[in-house]
Structures are given as C-alpha cells and as structure tokens.
Protein chains: 2
Amino acid sequence: MKDAGKNGGTAGKTLGAQPAVKHSRIQTRNRKRILDAALEVFSAHGFRGATLDQIAAEAGLSKPNILYYFDGKETIHVTLLNQLMETWLDPLEQMNPEGEPLEEILAYVRRKLDMAQAYPRESRLFANEILQGAPRMGPHLEKRLKPLVDQKAALITEWAAAGRIAPVDPRHLIFSIWATTQHYADFEAQVNVLMPEGGVFPGAATYLEGMFRRMLKV
Amino acid sequence: MKDAGKNGGTAGKTLGAQPAVKHSRIQTRNRKRILDAALEVFSAHGFRGATLDQIAAEAGLSKPNILYYFDGKETIHVTLLNQLMETWLDPLEQMNPEGEPLEEILAYVRRKLDMAQAYPRESRLFANEILQGAPRMGPHLEKRLKPLVDQKAALITEWAAAGRIAPVDPRHLIFSIWATTQHYADFEAQVNVLMPEGGVFPGAATYLEGMFRRMLKV
DNA sequence: TCGTCAATTTACCAATTGGTAAAAAAGCGA
DNA sequence: TCGCTTTTTTACCAATTGGTAAATTGACGA
C-alpha cells in the first residue's frame with residue numbers, strides 16, 4: 001500500500017525526504033514544480049483539504065504524472081515538511097552564544113518576523129500540521145527541534161544567570177517569539193480585517209522589538 | 001442543493017445559526033450532542049478533514065439522523081463557529097474602561113490564557129478557520145470582531161495618551177495577547193514536545209504577566 | 001388504545017478522490 | 001536514423017463521503 005516505486009532501499013531510511021539519488025535535469029525541474037504547487041495548495045487547505053488534482057493543476061502536470069515523481073500524496077506532504085523544518089530552524093541556529101545577549105535575541109525576533117513576511121505559506125503549512133497534532137512530524141520535532149531548543153534555552157538561562165538579560169523562563173520566551181511573529185502569517189486573514197490596510201509588518205517590527213526589549217532589559 | 005429542510009423562511013437570515021424557532025426536549029438534547037461531537041472532530045481535523053461519519057460516531061447517532069437535525073456538514077460547522085465567536089469575544093468585552101488600565105489589560109491576558117486552557121478545542125477550531133482564510137467567517141469578523149477591537153483599541157490609546165500605560169500600538173498589543181495565549185492551545189502538540197511534561201499553564205501565566213507588565217509599565 | 005407526528009434506521013446514490021495499468025510520446029546517445 | 005529509456009497521457013478503479021428516499025419505530029396527547 002505504501003513505498004512502491006523508485007528508490008530501491010540503498011541506505012536506511014534517512015528520516016529526510018530527498019531520495020538522495022539520481023536526478024535528471026527534468027526530474028529536478030518537475031519535482032520542484034510539484035513541491036511549489038503542493039506548498040501552495042497544502043498551506044491553503046491543509047493536508048486533507050488539498051487534492052492531488054489541485055496540486056496537479058497548480059503544477060501544470062497531470063495527476064498520474066505527479067504520482068510518477070512522488071509515491072503519493074503523503075510523500076509529497078512529508079517531503080515538504082522535512083524541507084521546511086530546516087528553513088524553520090535556521091534563524092534560531094543563528095543565535096550566537098558569543099554575541100551581545102539582548103541584541104542576539106532581538107535579532108532572532110527580527111529574523112522570525114521577516115520569515116513570516118517572506119514565507120507565509122511555509123508558516124501556514126507548519127501551523128496546519130501542528131494544529132492537527134503533528135501526525136506526520138512528531139519524530140522530527142523530537143529529533144531536530146527539541147535538541148536545538150534545549151541548547152538555546154540553556155544559553156538564554158546562562159545569559160540570565162550572568163545578569164546580562166532579565167531572568168526569564170527561556171522556553172516561554174521562545175514560545176512567545178514564535179507565537180507573536182508567526183501570528184502575522186498564520187492569522188493573516190484576521191489581521192487584514194482588523195488593521196487599517198497597508199503593510200502591517202513595519203508596525204509589527206517596531207512593536208515586537210519594543211516589547212521584547214522591555215521584557216529582557218535588566 | 002443547499003438549504004433544504006426544516007425552517008421555513010420566517011424572518012430574514014440572522015447571520016446567526018440557531019434556528020431561533022421550535023425546540024423539543026429531544027431536539028435540544030440531540031443538537032447539543034451533535035455540536036459537541038462536531039467540535040471534537042472539526043477541531044482535531046479541520047473542516048475538510050472531518051467526516052460526517054466521524055461526527056455521527058462521536059455523537060452516538062447515525063449519519064442520516066444527524067442530517068435530520070442539521071442541513072449539512074457546512075451548517076454544523078457554521079453553527080459552531082457562530083456560537084464560538086460570542087464566547088471568544090467575551091473576555092475582551094469585559095475589559096472595563098473605568099478600571100485601572102494596567103490591571104485591566106493583565107486581567108484580559110489572564111482570561112485569554114484561562115480560555116486557552118479550558119477550551120483548547122474551541123481555540124483550534126477557530127485557528128483552523130482563520131488559517132484557511134476564514135472562508136465561513138469573513139462576515140462575522142467584520143461585523144462582530146472588528147467593531148469590538150476598534151472600540152477597545154481606542155480605549156487603550158486613551159489610556160496611553162493619558163500616561164496611564166506606556167504608549168503602544170493597541171492593535172499589535174491585542175495581536176500579541178491573542179498570539180501568546182492561544183499558542184498554548186493551538187500549538188499544544190509542539191509545546192508538549194518541548195516542555196518538561198507537566199502543566200505548562202502556571203509557568204505561562206507567570207511569564208505572560210511579567211512580559212505584559214513590563215511592556216505596559218509607564 | 002389509537003392516531004399522528006417526530007425521530008430513527010435501512011438501503012442507496014452520485015461525485016470526488018487517491019491511485020494504477022498500460023499504451024503512447026519524448027529524449028537522447030550511438 | 002535506430003533503439004532504448006524516461007516521461008506523459010489515456011482510461012480506469014475502488015474506496016470514501018456528503019447526502020437522499022422511504023420505510024420503520026417511538027413518543028405522546030386525546
């Protein structure tokens with residue numbers, strides 16, 4: 001029922017998605033088209049709300065042709081999620097233990113907000129997945145996200161202990177950064193109703209910088 | 001294709017959902033059962049991810065029996081959303097113009113966090129709907145949510161102008177309150193992975209009170 | 001006890017949808 | 001140009017799912 005197809009089991013399952021094997025010119029191009037289309041459709045309708053026909057139409061390919069490139073709907077979704085996780089982790093990874101604590105955290109807020117603005121579809125895809133209880137992402141959260149968060153939380157705790165920022169629960173701090181920045185992407189439909197039309201992001205950037213600066217100032 | 005059934009068009013469409021007409025004992029009971037079941041299923045899987053069969057099973061009724069009480073899947077969903085909106089607005093409505101500004105806002109944060117804890121399914125139902133672009137809620141956001149937010153935003157602006165709280169963009173403040181509190185319900189799956197098991201809400205309450213207090217202190 | 005209306009079940013559809021088989025059409029190196 | 005592989009299309013399925021028709025059962029006042 002699953003795992004038909006292309007990749008003979010060369011190495012073990014990498015948890016990653018990319019086949020990591022052969023990729024002809026046209027393969028690369030069409031896989032990308034499909035993933036682009038799938039991002040558009042999945043982020044707008046969720047996993048079950050999206051149909052292969054929609055993705056096919058968006059990608060400009062036929063449905064069977066899409067299934068020539070990917071094992072099935074679920075495989076496409078998982079591939080997208082795995083790719084996304086790396087992009088998503090990056091801004092947090094950039095938080096530098098050697099830097100000035102307050103500025104490092106504020107820069108992180110800034111990067112997250114920039115991502116919400118630049119990649120709202122990715123944000124929504126992720127939000128959809130977590131909202132449904134992370135059915136296809138559980139392991140990834142454990143294996144990739146948790147260690148990174150643990151590490152950065154320890155760093156923030158050190159900074160606080162050294163009196164370089166105000167004492168805070170590092171995990172709740174991180175949650176509040178995620179929540180406030182991603183809100184502008186995930187709840188865009190609501191934000192657009194409530195904000196007097198026109199770029200909300202500049203105002204958001206100012207507001208959030210002010211808020212987290214006050215929060216962390218010793 | 002739609003709007004078959006029960007209610008002859010007595011008055012105009014109220015935008016609300018409740019038929020506002022006759023309700024026998026058993027009607028009341030079964031409608032409630034169905035809505036309870038639907039909340040469970042819709043909040044866990046989203047609109048398209050939920051099936052009438054699931055709702056029927058959860059409610060302990062047969063599918064055709066469910067369609068005897070509601071016109072269709074969409075009607076159930078809309079009914080739920082409309083009910084929810086009132087519950088959702090309530091904590092903001094309680095913000096008292098006569099009260100002490102900082103305490104009023106902190107109490108609002110507290111109420112929202114309590115709701116996220118007590119009604120996570122409602123929070124997720126709402127989040128799902130907004131994430132998909134509020135396809136069945138657009139009018140409601142305009143007509144009910146926006147006026148209230150406008151009013152409370154004006155109030156906060158007054159408070160700030162009077163120097164009773166620090167100057168802030170009231171709408172971004174409200175967004176950040178929504179985002180941070182609802183995060184614990186909507187992203188529960190993620191929070192549970194990252195927080196050392198055991199009630200996160202007490203810690204969240206402390207953290208958020210501290211954050212917004214610092215944010216608003218003059 | 002009966003008759004009537006409300007409530008429920010049984011038996012079905014028709015449309016949608018994820019997926020497959022196999023033939024046709026491109027690509028492309030020699 | 002030939003022959004072989006990769007890519008794409010055509011033609012289908014089987015399962016799921018929202019919804020309906022009609023028969024059946026239950027509630028209950030007269």
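Note on naming: letters A, B, ... go to the chains in the order of the sequence lines (proteins, then strands), and numbering restarts at 1 for each one.
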Subject >> salt bridge (charged side-chain N to carboxylate O under 4.0 Å, His left out) contacts in which one or both residues fall within residues 174-184 of chain B, not counting sequence neighbours >> reply: none
Subject >> Test side chain to side chain donor-acceptor pair (under 3.5 Å) applied to A/T87 and A/Y119, step by step >> reply: CA-CA 10 Å; A/T87 314; A/Y119 306 108; over 6 Å; no
Subject >> For A/E104, all residues meeting side chain to side chain donor-acceptor pair (under 3.5 Å), sequence neighbours excluded >> reply: none
**OP:** Could you check how far CZ of A/F70 sits from P of C/dT20, rounded to whole Å?
**Re:** 15 Å
**OP:** Could you tell me whether the phosphate oxygens of C/dA6, OP1 or OP2, come under 4.0 Å of any side-chain nitrogen or oxygen in B/N30?
**Re:** no
Subject >> Euclidean distance, atom CG of residue B/D71 to atom P of D/dT20 [Å, nearest integer] >> reply: 8 Å
Original post:
Hey, is the side chain of A/Q27 poking within less than 4.0 Å of OP1 or OP2 on D/dT6, counting only N and O atoms?
Top reply: no
**OP:** Before accepting this row, confirm whether a basic side-chain N of the pair A/D53/A/K63 lies closer than 4.0 Å to the acidic partner's carboxylate O.
**Re:** yes
Subject >> Residue pair B/R121, B/D36: steps toward the salt bridge (Lys or Arg N to Asp or Glu O under 4.0 Å) verdict >> reply: CA-CA 10 Å; B/R121 297 177 309 175; B/D36 278 354; 5.6 Å; no
Subject >> Terminal helix-axis angle for the helix from C/dT1-D/dA30 to C/dA30-D/dT1, with five pairs defining each axis and rounding to 10 degrees >> reply: 10°
Original post:
Ion pair present between B/E58 and B/R33, side-chain N to carboxylate O less than 4.0 angstrom?
Top reply: no
Original post:
Between D/dT16 atom C1' and A/K73 atom NZ, what is the distance in whole Å?
Top reply: 12 Å
**OP:** May I ask you to verify if any side-chain N or O of A/Y69 is less than 4.0 angstrom from the OP1 or OP2 atom of D/dT8?
**Re:** yes
**OP:** Check each residue of residues 42-65 of chain B for a non-hydrogen atom within less than 4.0 Å of any atom in DNA chain D, then write out the ones that pass by number, or none.
**Re:** B/A50, B/T51, B/L52, B/K63, B/P64
Original post:
Could you give the CG-to-P distance, from B/L67 to D/dT17, as a whole number of Å?
Top reply: 15 Å
Subject >> Distance-only donor-acceptor check, side chains A/Y69 and A/N30, under 3.5 Å >> reply: yes
**OP:** Ignoring backbone atoms, test whether A/Y68 places a side-chain nitrogen or oxygen under 4.0 Å from the OP1 or OP2 oxygen of D/dT7.
**Re:** yes
**OP:** Would you sort out whether A/E86 and A/R144 count as a salt bridge (Lys or Arg N to Asp or Glu O under 4.0 Å), showing the intermediate values?
**Re:** CA-CA 9 Å; A/E86 301 312 309; A/R144 292 275 297 134; 2.5 Å; yes
**OP:** Taking side chain to side chain contact (heavy atoms under 4.5 Å, CB included) as the test, write out the residues that go with B/K73, two or more places apart.
**Re:** B/F42, B/F47, B/L52
Considering only nitrogen or oxygen atoms on both sides, find all protein atoms under 3.5 Å from nucleotides 27-30 of chain D and state each distance.
none

Original post:
Side chains of A/E197 and A/N192: donor-acceptor distance under 3.5 Å anywhere?
Top reply: no
**OP:** In whole angstrom, give the distance that lies between atom NE2 of A/H77 and atom P of C/dG18.
**Re:** 13 Å
**OP:** Flag the pair A/Y184 / B/H172 as yes when their ring centroid distance falls below 6.0 Å, and as no otherwise.
**Re:** yes
Subject >> Atom-to-atom span, CD of A/E74 to C1' of C/dT17 - whole angstrom >> reply: 15 Å
